[in-house]
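Each residue takes its place number in the sequence, starting with 1.
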Amino acid sequence: MKKYLQKLQQQITTIPIVIRYGTLLALALVCIKTLEYQVFSFRLNQQLYIGIIASFFLFLGVAATYLWRRFNDSHVITNNTVPILTIKELKLLQGLAQGLTNQQLADATFLSVNTIKTQLKSLYRKLLVKNRSEAVAKAKNLNLLEL
């Protein structure tokens with residue numbers, strides 16, 4: 001069964017994304033039209049019908065977000081690969097290695113302290129670390145800093 005599902009998943013991924021979404025939307029339209037006939041045959045309120053459609057699209061949005069995050073998380077770097085850093089991130093890394101504070105980094109780069117904090121979070125995420133000392137140690141291990 002598992003082998004069959006993997007084969008089915010491979011076949012589905014070879015179909016262009018436009019056709020996949022088009023098919024999904026066509027199926028959704030068929031479901032909505034069927035629901036419309038069922039709902040209006042009982043003469044239910046139009047607000048209920050709109051609520052059902054809104055709930056469907058809410059579910060679709062949540063599912064799409066879940067799949068998008070899962071796809072992005074599967075492409076996170078591992079400990080063995082060198083992350084791609086921007087020039088600003090490399091300059092921040094050099095400042096961290098020199099022991100500069102956030103305010104000193106902000107003054108040196110003519111940015112606000114909040115911008116520095118945001119860029120540091122991005123740097124930590126790319127390096128898979130949690131704080132400054134781990135970032136500097138990892139950068140030294142990956143030869144990202146000029147010694």
Side-chain angles (χ1 to χ4, degrees), residues 1-96 101-103 105-145:
M1 180 71 173
K2 190 174 182 181
K3 206 177 222 185
Y4 174 75
L5 289 175
Q6 287 176 346
K7 186 177 179 183
L8 182 64
Q9 184 179 11
Q10 281 180 335
Q11 289 175 348
I12 289 174
T13 56
T14 59
I15 299 171
I17 196 162
V18 173
I19 294 174
R20 282 188 270 168
Y21 282 125
T23 306
L24 250 172
L25 288 174
L27 288 173
L29 183 63
V30 168
C31 290
I32 288 172
K33 284 299 182 183
T34 304
L35 181 65
E36 178 182 357
Y37 291 128
Q38 294 295 323
V39 170
F40 284 128
S41 68
F42 292 113
R43 304 283 184 232
L44 293 178
N45 194 349
Q46 185 179 6
Q47 291 177 348
L48 177 64
Y49 178 66
I50 291 171
I52 292 170
I53 292 173
S55 299
F56 170 75
F57 281 107
L58 174 68
F59 173 74
L60 188 66
V62 168
T65 303
Y66 172 76
L67 292 173
W68 180 263
R69 285 190 169 250
R70 194 170 131 203
F71 175 76
N72 283 342
D73 289 346
S74 66
H75 290 80
V76 174
I77 61 168
T78 60
N79 288 332
N80 298 334
T81 60
V82 178
I84 298 173
L85 301 178
T86 64
I87 294 172
K88 287 182 181 181
E89 289 170 337
L90 287 172
K91 287 182 181 178
L92 281 177
L93 207 53
Q94 291 173 351
L96 291 180
T101 64
N102 288 349
Q103 184 63 53
L105 288 170
D107 292 340
T109 57
F110 304 105
L111 297 171
S112 73
V113 176
N114 286 333
T115 305
I116 295 298
K117 289 179 182 179
T118 303
Q119 290 179 352
L120 285 175
K121 286 180 186 177
S122 173
L123 180 66
Y124 297 161
R125 181 182 50 78
K126 286 182 180 181
L127 291 175
L128 300 174
V129 296
K130 294 179 183 162
N131 56 40
R132 292 170 179 256
S133 57
E134 286 181 14
V136 172
K138 180 106 178 223
K140 286 181 181 177
N141 286 343
L142 296 173
N143 295 323
L144 294 174
L145 291 174

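- A search for side chain to side chain contact (heavy atoms under 4.5 Å, CB included) contacts involving Asn114 returns Ser112, Lys117, not counting sequence neighbours.
- In this structure Gln119 satisfies the side chain to side chain contact (heavy atoms under 4.5 Å, CB included) test together with Lys88, Leu92, Leu111, Thr115, Ile116, sequence neighbours excluded.
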Task: Verdict with reasoning, Lys138 to Leu128, per side chain to side chain contact (heavy atoms under 4.5 Å, CB included) - done: CA-CA 9 Å; Lys138 180 106 178 223; Leu128 300 174; 4.2 Å; yes
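- Checked against side chain to side chain donor-acceptor pair (under 3.5 Å), Thr118 has no partners two or more places apart in sequence or in another chain.
- When all heavy atoms are compared, the tightest approach of Val113 to Gln103 is CG2-OE1, 3.2 Å.
- When side chains are defined from C-beta on, Leu90 does not count as touching Leu145, because their heavy atoms never get closer than 4.5 Å.
- For the atom pair CD1 of Ile53 and CD1 of Ile32, the computed distance is 5.0 Å after rounding to the nearest 0.5 Å.
- Nearest heavy-atom pair, Glu89 versus Leu123, reported as atom, atom and distance to 0.1 Å: CB-CD1, 3.9 Å.
- For the residue pair Leu85 and Lys126, the shortest heavy atom distance occurs at CD2-CD, 3.8 Å.
- Shown here are the side chain to side chain contact (heavy atoms under 4.5 Å, CB included) partners of Phe56, two or more places apart in sequence or in another chain: Ala28.
- Under the rule for a side chain to side chain contact (heavy atoms under 4.5 Å, CB included), the partners of Lys91 that lie at least two apart in sequence or sit in another chain are Ile87.
- Taking all atoms of both residues into account, the shortest heavy-atom contact from Tyr124 to Arg132 is OH-CG, 3.1 Å.
- Remark: Thr65 engages no residue in a side chain to side chain donor-acceptor pair (under 3.5 Å) (not counting sequence neighbours).
- Rounded to the nearest 0.5 angstrom, Leu60 CG and Ser55 OG are separated by 12.5 Å.
- Between Ala135 and Leu96, the shortest heavy-atom distance links the atoms CB-CD1, 4.4 Å.
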